[in-house]
Amino acid sequence: MEDCMRICMRKLALWYTKTFRVLTTHDELEPILATMGFVGLPPNQGTSGVAWKEYVFKASPGVSRRSKSSSCFGSTTAGEPPTTEPPRPKLPYPRIDGLHIYTYRAFLDAVNFYLEMYDISELFHIRGMPLHPRQDRSRRSKTPPPPPPPPPPPPPPPPPAMAAATATVPYLFGTKETIPQLAALFH
């Protein structure tokens, strides 16, 4: 049962749709985002103790390509500063696999805020992937996994009476006097 659980366990991950490859670190994600106009900032350790890496849209700093009437900017009158800062795409650092669905959604919504794609799944999508015990057991620990358990011992040999019966079974079928002998073996 434990083996079945290991096989069935999955985690969520961010996938690059064009190549259908999973993205597990910022080193894999950053070149893709750079081609779309994002620049990665150095990881920032917040008050929660978790380091986050943010991406800034470099096409126009602090302002998206959206019109000034966007809900993020609040007021639509000319000359007023925005009431809310635009979202910044961010993910925990260094690993970006195995996160909660809401973390991935917030990241994709922030990316889509700047790219204004009709369907963001043409670029990224979220799906499950199998757990890898060597990678996922303890991300901080560098110790190798324990060796697999030894194989079970071979089954014991059959008792002598059964050994003799199995050796003579092919010859017993077809003669009438052997039927009582076969019945005696199985009772």
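This is a predicted model, so every value here is computed, not measured.
Looking at heavy atoms from C-beta onward, Leu41 lies in side-chain contact with Val56 at the 4.5 angstrom threshold. The shortest distance between side-chain heavy atoms of Pro87 and Asp109 does not fall below 4.5 Å. Here the side chains of Glu54 and Asn44 are not in contact, with every heavy-atom distance at 4.5 Å or above.
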For this session: Run the numbers on Tyr114 and Phe57 for ring pair (Phe, Tyr, Trp, His ring centres under 6.0 Å), then give the verdict.
Result: CA-CA 7 Å; Tyr114 296 100; Phe57 191 63; 5.0 Å; yes
For this session: Take Phe124 and Tyr16, measure what side chain to side chain contact (heavy atoms under 4.5 Å, CB included) needs, and give me the verdict at the end.
Result: CA-CA 5 Å; Phe124 295 113; Tyr16 186 48; 4.0 Å; yes
For this session: Starting from the C-alpha separation in whole Å, work towards a yes-or-no answer on side-chain hydrogen bond (donor to acceptor under 3.5 Å, both in side chains) for Asp119 and Ser121.
Result: CA-CA 5 Å; Asp119 188 8; Ser121 66; 2.7 Å; yes
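Taking CZ of Phe107 as the start and NZ of Lys90 as the end, the distance is 12.5 Å to the nearest 0.5 Å. For the atom pair CZ of Arg127 and CZ of Arg10, the computed distance is 7.5 Å after rounding to the nearest 0.5 Å. Between atom CG of residue Leu29 and atom OG1 of residue Thr25 there is a gap of 8.5 Å, rounded to the nearest 0.5 Å. Between the OG1 atom in Thr24 and the CD1 atom in Ile96 there is a gap of 7.0 Å [rounded to 0.5 Å]. In this structure, the separation between OG1 on Thr17 and CD on Glu122 is 8.5 Å, given to the nearest 0.5 Å. Note that CG of Leu23 and CD1 of Ile126 are 11.5 Å apart. Values are rounded to the nearest 0.5 Å.
The only option from Val111, Leu108, Leu123 that meets the side-chain contact (heavy atoms from CB on, under 4.5 Å) definition with Met117 turns out to be Leu123.
Linking Ile, Leu, Val, Met, Phe, Trp and Tyr residues whenever their side-chain heavy atoms come within less than 4.5 Å places Leu91 and Phe113 in a single cluster.
Among all heavy-atom pairs drawn from Pro31 and Glu28, the shortest one is CD-O, 3.6 Å. In terms of heavy-atom proximity, Tyr55 sits nearest to Gly40 at CD2-CA, 3.4 Å. When all heavy atoms of Ala13 and Tyr104 are compared, the pair lying nearest together is CA-OH, 3.6 Å. Taking all atoms of both residues into account, the shortest heavy-atom contact from Gly128 to Trp15 is O-CZ2, 4.1 Å.
Here the side chain of His125 pairs no donor or acceptor atom with the backbone of Phe20 at under 3.5 angstrom.
The residues Lys53 and Glu30 are annotated as salt-bridged, a charged nitrogen and a carboxylate oxygen being separated by less than 4.0 angstrom.
Summarising the local packing, CZ of Arg21 is surrounded by 12 or fewer heavy atoms from other residues, nucleotides or ligands at distances under 6.0 Å.
Here Val50 sits in one hydrophobic cluster together with Trp52; the rule is ILVMFWY side chains under 4.5 Å apart, joined directly or through other members.
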